[in-house]
K.L.:
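One structure, pasted below without further comment.
Every value quoted in this text rests on a predicted model; they were computed, and no experiment measured them.
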2 protein chains.
Amino acid sequence: MPPSERKKPAAENDAAVPKAVVNRLSLYLRELQHLVAAGSATTSSGQLGQKLGFTDAQVRKDLAYFGQFGYPGVGYRCDELIEAIRGILGTNRHWPMAIVGIGNLGRALLGYKGFSHQGFRIVAGFDADASKIGKSIEGVEIFDIAELTNVVQQRQIKLGVIAVPAAAAQQVADQLVAAKVLGIVNFAPVTITLPEHVSHVGVDLAIEMEQIAFAVVNRLSGG
Amino acid sequence: MPPSERKKPAAENDAAVPKAVVNRLSLYLRELQHLVAAGSATTSSGQLGQKLGFTDAQVRKDLAYFGQFGYPGVGYRCDELIEAIRGILGTNRHWPMAIVGIGNLGRALLGYKGFSHQGFRIVAGFDADASKIGKSIEGVEIFDIAELTNVVQQRQIKLGVIAVPAAAAQQVADQLVAAKVLGIVNFAPVTITLPEHVSHVGVDLAIEMEQIAFAVVNRLSGG
DNA sequence: ACATGTGAAAAAATTCACAGCA
DNA sequence: TGCTGTGAATTTTTTCACATGT
């Protein structure tokens, strides 16, 4: 019998969960999946923390936001903790998603293998370039961006990924919001403005490089 | 006369600068460059913060880690602050870099236009696949990964980008370290272990999607 | 008048340290 | 014994609020 929620109804309105905690949760999940692939059945906060560069207390405190998942004196059963974290993150559900902008980055995202394991399925691509429309790339149909609202509704798309140039990003974001996606990941190097009820995450490849440059210039090893 | 450093020698050993501060610095820089492109000569902590969703005090405190860059009663001169931040981040230098792994993502990175504006120049690609070696993609020569050490030294490559499958990432990281790169950006979905003196940043596309899933499931709008 | 820069206060996140259970 | 879960202490980060400079 898994101790899934000996106390807390997993993600109650207790307190706002810091974004950093959610990010670490994803790292724990990734590490747990590697552990299972390597044949481990159980692990501990100490082992998990060591692999990722966190303290054992941090691992336990992070999990404590959501419930009690371990066995005192023993540790955590990997498969149970994986399922618990997937439930918390929502990656045990199906997430139909669309990529908008089929340039170099858009194509790379269409072919990325890592999404399917966490419930993300790319069910449409969009572009304004007539030479791409109607084609199928990596098994995904590419539509005219003018069809976005229709296709998002027909295919029940919940998440949109913006991979267009900066100048077009806000307009694409507006179209995705109008089509009623629930969340947006923005790869364009610009800040987009969205209504409160639409979640978003921004990823800027140049900014990641800038972080490494700073770390090097200041001789830091941080990750 | 810019007030560049009325007090602090920009990035002294005062105190460790939080990673979150450095990340926001990159966002300020991006926003300032958009402001200049839009014709603004000056801005203020309030305006900058509003565009990015931070308070004015936060913007000022972040900059205060590195010196005094503003004019009381006036604000900041965009061009001066841009140069100051570029100096802090180190993006006013030249950063020869290499992409290891010329799959979908590697190719997208080779063609990414956003790097050159911040001093990053891709001067080599590496792959183990004989059909790619010797070719030129997006104007970048692709070498056999066995040549990594030689090429890194010949071309004075300072940063390495890992875009290989998870199973090969640690080995590639070790090769980059042996070739004496100063920093590594890892796109493989695995935690890599590096010596203390090599800086690193990890970017996992699936984890970014997981963050959006969590935000949606918990009806958050955070970015 | 207006916006910076900065001590002081407040809030948040992390680490400590130990009771309790397997 | 070994490891979790968690209050308490500590450290870090953010916000406040105002003296200072233009």
Side-chain angles (χ1 to χ4, degrees), chain A residues 1-8 10 12 14-25 27-28 32 40-78 80-81 84-85 220 222, chain B residues 1-8 10 12 14-25 27-28 32 35 40-78 80-81 84-85 222:
Chain A
M1 176 200 66
S4 299
E5 316 162 3
R6 280 199 291 267
K7 254 186 179 172
K8 298 183 189 173
E12 199 179 291
D14 290 335
V17 179
K19 197 174 55 167
V21 171
V22 183
N23 205 82
R24 286 194 296 269
L25 230 45
L27 293 171
Y28 302 153
L32 284 160
S40 300
T42 65
T43 186
S44 65
S45 58
Q47 181 180 38
L48 223 35
Q50 181 161 44
K51 293 198 181 252
L52 292 163
F54 307 131
T55 65
D56 58 335
Q58 173 123 73
V59 174
R60 293 198 300 274
K61 258 299 203 268
D62 284 346
L63 294 174
Y65 274 96
F66 304 100
Q68 301 180 137
F69 307 104
Y71 300 89
V74 179
Y76 303 90
R77 288 198 50 180
C78 294
E80 278 177 20
L81 189 52
I85 294 178
L220 305 174
Chain B
M1 179 199 65
S4 300
E5 317 163 2
R6 280 199 290 267
K7 255 186 180 173
K8 299 182 190 173
E12 198 180 292
D14 290 336
V17 179
K19 197 174 55 167
V21 170
V22 183
N23 206 82
R24 286 195 295 269
L25 231 46
L27 292 172
Y28 302 154
L32 285 161
L35 281 168
S40 300
T42 66
T43 186
S44 64
S45 58
Q47 182 180 38
L48 222 36
Q50 180 159 46
K51 291 194 181 259
L52 292 164
F54 307 131
T55 66
D56 57 335
Q58 174 122 70
V59 174
R60 293 197 301 275
K61 259 301 204 263
D62 285 345
L63 295 173
Y65 274 94
F66 305 99
Q68 301 180 137
F69 308 103
Y71 301 88
V74 179
Y76 303 90
R77 286 199 51 180
C78 293
E80 278 177 20
L81 190 51
I85 295 178

K.L.:
Measuring to OP1 and OP2 of dT13(D), would you say a side-chain N or O of Gln58(B) lies under 4.0 angstrom away?
P.N.:
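No, Gln58(B) has no side-chain N/O under 4.0 Å of OP1/OP2 on dT13(D).
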K.L.:
Can you tell me if the side-chain N/O atoms of Arg77(B) get under 4.0 Å from OP1 or OP2 in dA3(C)?
P.N.:
no
K.L.:
Could you state the atom-to-atom distance from CG of Asp62(A) to C1' of dG5(D) in whole Å?
P.N.:
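Taking atom C1' of dG5(D) as the reference, CG of Asp62(A) is at 13 Å.
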K.L.:
Run the side chain to side chain donor-acceptor pair (under 3.5 Å) test against Tyr28(A) and tell me which residues pass, sequence neighbours left out.
P.N.:
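Expected list: Asp62(A).
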K.L.:
Between the protein and nucleotides 9-12 of chain C, which nitrogen or oxygen pairs come in under 3.5 angstrom?
P.N.:
none

K.L.:
Please name all residues satisfying side chain to side chain donor-acceptor pair (under 3.5 Å) with Arg60(B), sequence neighbours left out, ordered by chain then number.
P.N.:
Ser45(B), Asp56(B)
K.L.:
Starting the side chain at C-beta, find the nucleotide from dG5(C), dT14(D), dG5(D) nearest to Arg24(B).
P.N.:
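Minimum distance to the Arg24(B) side chain belongs to dT14(D).
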K.L.:
Counting heavy atoms from C-beta on, name the nucleotide in dG5(D), dT14(D), dA17(C) closest to the side chain of Ala57(A).
P.N.:
dA17(C)
K.L.:
Between the protein and nucleotides 18-22 of chain C, list the N/O to N/O atom pairs that are separated by less than 3.5 angstrom.
P.N.:
| unit_1 | atom_1 | unit_2 | atom_2 | d |
| --- | --- | --- | --- | --- |
| dA22(C) | O4' | Pro72(A) | O | 3.1 |

K.L.:
From the list dT15(C), dC16(D), dG7(C), which nucleotide is the closest neighbour of the side chain of Lys61(B)?
P.N.:
dG7(C)
K.L.:
Does Tyr65(B) place a side-chain N or O at less than 4.0 Å from the phosphate oxygens OP1/OP2 of dT6(C)?
P.N.:
no
K.L.:
What pairs with Thr43(A) under side chain to side chain donor-acceptor pair (under 3.5 Å), at least two apart in sequence or on another chain?
P.N.:
Gln47(A)
K.L.:
For a quick test of reading the model: is some side-chain N or O of Gln68(A) closer than 4.0 Å to OP1 or OP2 of dG5(D)?
P.N.:
no
K.L.:
Who are the side-chain contact (heavy atoms from CB on, under 4.5 Å) partners of Thr55(B), not counting sequence neighbours?
P.N.:
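For Thr55(B) the side-chain contact (heavy atoms from CB on, under 4.5 Å) partners, ignoring immediate neighbours, are Ala57(B), Gln58(B).
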K.L.:
With sequence neighbours excluded, what pairs up with Lys61(B) under the side-chain contact (heavy atoms from CB on, under 4.5 Å) test?
P.N.:
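Result, side-chain contact (heavy atoms from CB on, under 4.5 Å) vs Lys61(B): none returned.
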K.L.:
Does anything in residues 43-52 of chain A reach DNA chain D, meaning a heavy atom under 4.0 Å, and if so which residues?
P.N.:
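Here the set is Ser44(A), Ser45(A).
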K.L.:
Near Arg24(B) CZ, under 6.0 Å, is it more than 12 heavy atoms from other residues, nucleotides or ligands?
P.N.:
yes
K.L.:
Rounding to an integer number of Å, can you tell me how far Tyr76(B) OH sits from dG21(D) C1'?
P.N.:
14 Å
